[in-house]
Amino acid sequence: MIVNTCGFIDAAVEESLDAIGEALAENGRVVVTGCLGAKEGVVAKVHPAVLAITGPHDTEGVMQAVHQHLPKPHDPYIDLVPPQGIKLTPRHYAYLKISEGCNHRCTFCIIPSMRGDLVSRSIAQVMQEAENLVNAGVKELLVISQDTSAYGVDVKYRTGFWQGRPLKTRMTELCRALGELGVWVRLHYVYPYPHVDEVIPLMTAGKIVPYLDVPFQHASARILRLMKRPASAEKVLQRIRGWREICPDITIRSTFIAGFPGETESEFAELLAFLEEAQLDRVGCFAYSPVEGAAANALPDPVPETVKEERRARFMALQARISAAKLQRKVGKTLKVLIDQPGIGRSSADAPDIDGVVHFKGGKAGEFADVLIQRADEHDLHGRRL
Ligand code: SF4
């Protein structure tokens with residue numbers, strides 16, 4: 001068994017270690033990979049019986065360990081086939097990773113220390129992979145990275161070539177090109193740089209789905225400064241208004257941190273007021289987790305655990321009301337959905353695994369369908385296929 005781990009926050013470390021334990025109990029022969037593998041000694045200390053520990057993106061290391069412990073039977077036919085990437089998603093959607101690492105130094109985050117500075121994949125390579133996926137039947141591409149809007153900064157937006165024409169290594173140009181492939185293109189982890197505004201018209205034009213996953217983290221100017229994050233609540237609200245003017249159907253997903261060190265009750269109230277005003281569609285909130293190595297741990301006045309949790313719960317209760325009201329407004333509308341399995345699909349507002357779904361009768365995975373929405377509950381929509 002190969003266990004892919006995350007080492008981002010303490011809760012993720014614990015979950016990863018638990019998963020390794022379960023795999024060991026279940027199977028006994030375990031290879032560990034992913035971010036936690038890069039943290040020396042953490043895995044070995046708790047689970048000395050694992051066969052090998054590799055780090056993020058070490059496909060080679062994983063394959064070596066697998067071949068060492070489970071030698072491949074010789075097969076003259078299979079041996080001649082060049083190795084392919086492993087796709088873990090269903091046939092009809094796929095993640096398209098455009099870069100690795102991050103140039104920011106948000107004080108609560110240790111990703112740059114685990115994954116390094118931003119390294120963008122060449123635009124030719126990304127577009128080729130996207131084309132291959134679409135040719136293989138993928139209907140939705142989920143663009144991911146640690147910092148999608150920074151794509152190409154490290155290579156000074158170098159010009160590459162796709163289908164014989166020049167193309168800059170830059171988010172807007174990438175979105176425009178992906179928009180030509182005729183499938184859903186959804187953007188994740190979009191750091192709120194000013195040039196994000198450029199992709200909104202592509203959403204209005206139907207080139208990419210009107211969905212933006214843009215982590216704002218907080219609304220108080222002081223807390224954002226302490227986090228080393230950009231912008232102030234007022235500016236963000238203005239931008240959101242602008243995006244909605246250009247693309248009224250846009251779905252905005254974001255994440256926030258409650259109980260950041262030093263956060264006062266009034267700063268938290270600012271965050272709630274922002275949330276009320278912003279009326280975001282999908283929101284995640286984490287209680288601040290003092291992950292080892294994060295600069296924010298050294299800040300004064302840490303918020304007690306119970307207060308952090310209580311603030312997170314208040315935040316989520318407010319957002320649950322906002323999200324539910326937004327879903328109610330979809331009743332009576334007809335939505336195009338991509339079917340994940342018979343009876344369950346997702347509209348352009350729903351990313352797989354993290355957002356809600358649309359329930360209806362029938363259908364086949366990978367097909368698109370029009371569904372008339374008849375009712376909404378707190379997270380999901382229910383309707384009839386037209
Ligand atoms: S932009 Fe994201 S990945 Fe980069 S340091 Fe900040 S939180 Fe971490």
Side-chain angles (χ1 to χ4, degrees), residues 4-13 16 34-39 55-57 95-121 142-155 170-171 174 186-197 199 212-233 235-236 239 252-263 271 274 280 282-299 308 312 315 351 354:
N4 192 14
T5 59
C6 174
F8 185 34
I9 54 175
D10 290 354
V13 172
S16 296
C35 278
L36 191 59
K39 282 191 178 176
H57 283 275
Y95 293 96
L96 184 66
K97 182 121 188 198
I98 59 168
S99 62
E100 181 59 271
C102 178
N103 287 347
H104 296 285
R105 294 295 180 263
C106 304
T107 54
F108 53 84
C109 177
I110 55 163
I111 283 182
S113 71
M114 291 193 290
R115 302 245 158 165
D117 283 340
L118 179 85
V119 178
S120 301
R121 291 179 67 201
L142 301 123
V143 177
I144 55 162
S145 66
Q146 263 92 50
D147 182 2
T148 294
S149 31
Y151 180 57
V153 167
D154 55 318
V155 292
R170 200 167 166 270
M171 181 176 72
L174 173 70
R186 190 184 296 281
L187 301 182
H188 284 289
Y189 315 121
V190 177
Y191 190 90
Y193 293 102
H195 70 268
V196 172
D197 298 7
V199 297
L212 203 56
D213 173 8
V214 50
F216 293 125
Q217 308 299 5
H218 212 281
S220 143
R222 192 186 75 94
I223 297 292
L224 284 167
R225 253 196 322 276
L226 290 177
M227 288 177 163
K228 287 211 180 150
R229 297 281 305 185
S232 65
K235 275 200 191 126
V236 170
R239 289 184 77 193
I252 304 172
R253 156 171 275 280
S254 192
T255 47
F256 294 86
I257 296 174
F260 188 78
E263 182 190 68
L271 177 56
F274 168 84
L280 304 173
R282 317 270 187 201
V283 169
C285 180
F286 300 94
Y288 175 74
S289 168
V291 54
E292 206 185 311
N297 297 343
L299 291 171
K308 277 196 265 187
R312 195 188 80 87
F315 180 107
I354 48 174

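Just follow the structure's listing: the first ligand is 1, and inside any ligand the first atom is 1.
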Practice problem: Quick one: give me the number of protein N/O/S atoms under 2.8 Å from atom 8 (Fe) of ligand 1. | Solution: 1
Quiz item: By number and element, which atoms of ligand 1 are closer than 4.0 Å to a non-hydrogen atom of Tyr191?
Solution: 1 (S)
Quiz item: Ser289 and Asp10: side-chain donor and acceptor closer than 3.5 Å?
Solution: no
Exercise. Say whether Asp147 and Tyr193, considering side chains only, have a donor N or O and an acceptor N or O under 3.5 Å apart.
Key: yes
Quiz item: Between Glu263 and His218, do the side chains contain an N or O donor and an N or O acceptor separated by less than 3.5 Å?
Solution: yes
Self-check item: Side chain Arg253, main chain Ile354, donor-acceptor under 3.5 Å
Solution: yes
Quiz item: Judged by atom type as modelled, is there a donor-acceptor pair below 3.5 Å linking the side chain of Thr255 to the main-chain atoms of Cys285?
Solution: no
Quiz item: Can you name the ring-ring contact (aromatic ring centres under 6.0 Å, His included) partners of Tyr288, sequence neighbours left out?
Solution: Phe260
Quiz prompt | Atoms in ligand 1 with a heavy atom of Arg229 nearer than 4.0 Å | solution = 1 (S), 6 (Fe)
Quiz item: Are the side chain of Arg170 and the backbone of Tyr151 linked by a donor-acceptor contact shorter than 3.5 Å?
Solution: no
